[in-house]
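Order of appearance sets the numbers: ligands from 1, and atoms from 1 within every ligand. These figures come from a predicted structure and were not determined experimentally.
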Amino acid sequence: MPKAKTLWYCSSCGNESSKWMGQCPACKEWNTMVEAPVRASAGGSSRTGAFGTSERHRPVRLQDVDASAEARVSLGNGELDRLLGGGIVPGSLVLIGGEPGIGKSTLSLQIPLHSPSLRTLYVTGEESVKQVKMRAGRLGGDPQNCSIYAETLLENVLEEARQMKPDLMVVDSVQTMYTEAIESTAGSVSQIKEVAARLLRYAKESGVPVILIGHITKDGYIAGPKILEHIVDVVLQFEGENRGSYRILRSIKNRFGSTSEIAVFEMTGKGLREVSNPSEMLIPMHEQGLSGTAIAAMLDGTRPFLFEVQALVSSAAYGTAQRSATGFDVRRLNMLLAVLEKRAGFHLAQKDVFLNMAGGLKITDPACDLAVICAVLSSTFDFAISSDICFAGEVGLSGEIRPVAQADRRVIEAARLGFKQIYLSSYCALESVKNTGIRIVTVPDVAALVKNLFR
Ligand code: TYD
Ligand code: MG
C-alpha cells in the first residue's frame, strides 16, 4: 500500500503546502491551513491530462476547430437558463452554492420536475429517497424522467451514471460525497477537491451536464477551499436573507456566459417561483416617500432594475460614531460620508449611520452612490424624497457626479415603472431617451444635488 502523505491546504484560497504554516503565503490569511491526508492512487487525478483523460491530445489549429455553437439545454426555468447564458452547456459542471436552508435542494429538484424531457439522475447524499419524494410532491411538475439515487460513495455514483447515461446529473451535495481514493472523511478539503475533479472529468468525457450543490460557510466561502470554484465551469451563488421569501441567485463565474447577472426567486409553498421583474419586489409599496429612503436605478449584468436604499442617521450614543452597511461596502459608505462633509458641508462625524439595501441585495454597481447619498441626507433632514424620483450616478472624491454605464436603459426601466423623475450626472450622454415621459434632472456635483433636491 502506498504511504499516506499529508498535505496542507489553505481553506480560504486553496493554496497547497507540504507543511503547516500560520499564515498562508498566497492569500496572507492567518490560521487557514488545514491538514488533508492524500494517498497517491492509480485512480487519482494527479497524472492524467486535461479533463482527466489519459489519452494524449495533439494541438489543433484554431481554424480547424468545429466552431458550431454548442447546443444549450434548457432547464425548464427561464431565470436559471438566462443566468447560465441561455441554458446549460453539455459537459459542463455547474456549482450552486448557498447557506443551509436557502433553497439549493429545492431549486435542483425543481429542474428535473419542470423539464420532463431530460432524463435526470438526482443523487442525494443528504436526504433519503422518501424525503426527496415528499419534497417533489410539494413542488409539482412531472416526475416521470427523474431517478433518485441516495448514495454518497462517488465510485458508485459514477458507475450508475455510466450505466444510466442520463441527460443531466444533479449531486446534492459535494460535501457529503467521498471517494475511496482518498483517506480522509467526506467534506474534507482533499475529498471535496477530488470529488469535484472527478465529476468534472465525468462531465467532460460523457458530455452530461452536472449540477453540483455546495454549502457556504457564514463568511461566504463555499465550504472547503476556494479551489472548488477554480475547478468548476460555472458558480451560481444564492444570496440574501433566508428569513425573507426572496432569494437571489448570482452568477459569480461563468465560462460560457456573462457574470454579474442575477436571477430572483420567491420561496413559496410550492417551491421557488421565478420573479422575472425584480423591481416590483425591491420597491416598497408606500404611497408617500419615507425619510431615509431613496430609489436607485441599477444594472446587474444586462438587466436594469430599481430598488430601495435605506439609511438611518442618528446622533452617536457613544464617543465614536458607528458606521454599518448591509449589502454595501462600508469603506465606500465612509468615503461618501467624507465627500458629503468636505464638499457639501454636512457634519456627520458625530452621527451613527446605518445603511441597508432592500431585499438582501449585495450592491457593487457604483451607480448606487447617488441614492446612498440621498438616503443619508433624507434621514439627516428627516425629509422624505418623493417616491416617484429615482437616482443613478457615481460620486467622485471631489464631489462630482459621474456618468453611469448604459444610462438610457436605466431611464427606460424607470419610465416603464412609472417614475416621474430620474437624477443623473450632467455628463451623461443620453441620445435615445427622448419622449419617455420621465423628467431627466441632471446634476454636476453633490452641492448642486443638495440645492436641487432638499431646498
Ligand atoms: P432547501 O432547498 O432544503 O435548502 P438547502 O438545500 O439550500 O439547504 O430549502 C429549505 C427551505 O425552503 C426550508 O426552510 C423550507 C423551504 N421550502 C418552502 O418554503 N417551500 C417549499 O416548497 C420547499 C420545498 C421548501
Ligand atoms: Mg439541501
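Defined by atom type and a distance below 3.5 Å, a donor-acceptor pair is present between the side-chain atoms of Glu155 and Thr179. Donor-acceptor pairing under 3.5 Å is lacking for the side chains of Ser108 and Asp172. Between the side chains of Thr185 and Gln191, not a single donor N or O lies within less than 3.5 Å of an accepting N or O. Between the side chains of Ser74 and Asp81, at least one donor-acceptor pair of N or O atoms lies under 3.5 Å.
Distances below 4.0 Å separate heavy atoms of Thr106 from the following atoms of ligand 1: 1 (P), 2 (O), 9 (O), 24 (C), 25 (C). The ligand atoms of ligand 1 that sit less than 4.0 angstrom from a heavy atom of Pro100 are 8 (O). Near Lys270, with a cut-off below 4.0 Å to any heavy atom, the atoms of ligand 1 are 22 (O).
Within a 4.0 Å radius of atom 15 (C) of ligand 1, the protein contributes no heavy atom.
The residue among Gln110, Arg135, Lys104 with a heavy atom at the shortest distance from atom 3 (O) of ligand 1 is Arg135.
Taking a cutoff of 4.0 Å between a charged side-chain nitrogen and a carboxylate oxygen, Asp369 and Arg332 qualify as a salt bridge. Between Glu413 and Arg410 there is no salt bridge, since no side-chain N of the basic residue sits under 4.0 Å from a carboxylate O of the acidic one. With respect to Lys362 and Asp329, no salt bridge is recorded, no charged nitrogen being found less than 4.0 Å from a carboxylate O.
Within the 4.0 Å heavy-atom cutoff, Gly98 does not count among the residues contacting ligand 1. A heavy-atom separation below 4.0 Å is found between Thr268 and ligand 1.
Among protein heavy atoms, atom 22 (O) of ligand 1 sits closest to Gly271 N, 2.8 Å.
Inter-residue side-chain proximity for Pro143 and Leu113 is flagged as met; some heavy-atom pair is nearer than 4.5 Å.
Around the Mg ion (ligand 2), the protein atoms of type N, O or S that sit closer than 2.8 Å are Ser105 OG.
Between Ile88 atom CD1 and Leu118 atom CG the span is 9.5 Å, to the nearest 0.5 Å.
For ligand 1, none of its N or O atoms has an N or O atom of Met267 under 3.5 Å away.
With sequence neighbours excluded, the residues that form a side-chain hydrogen bond (donor to acceptor under 3.5 Å, both in side chains) with Gln406 are Arg409.
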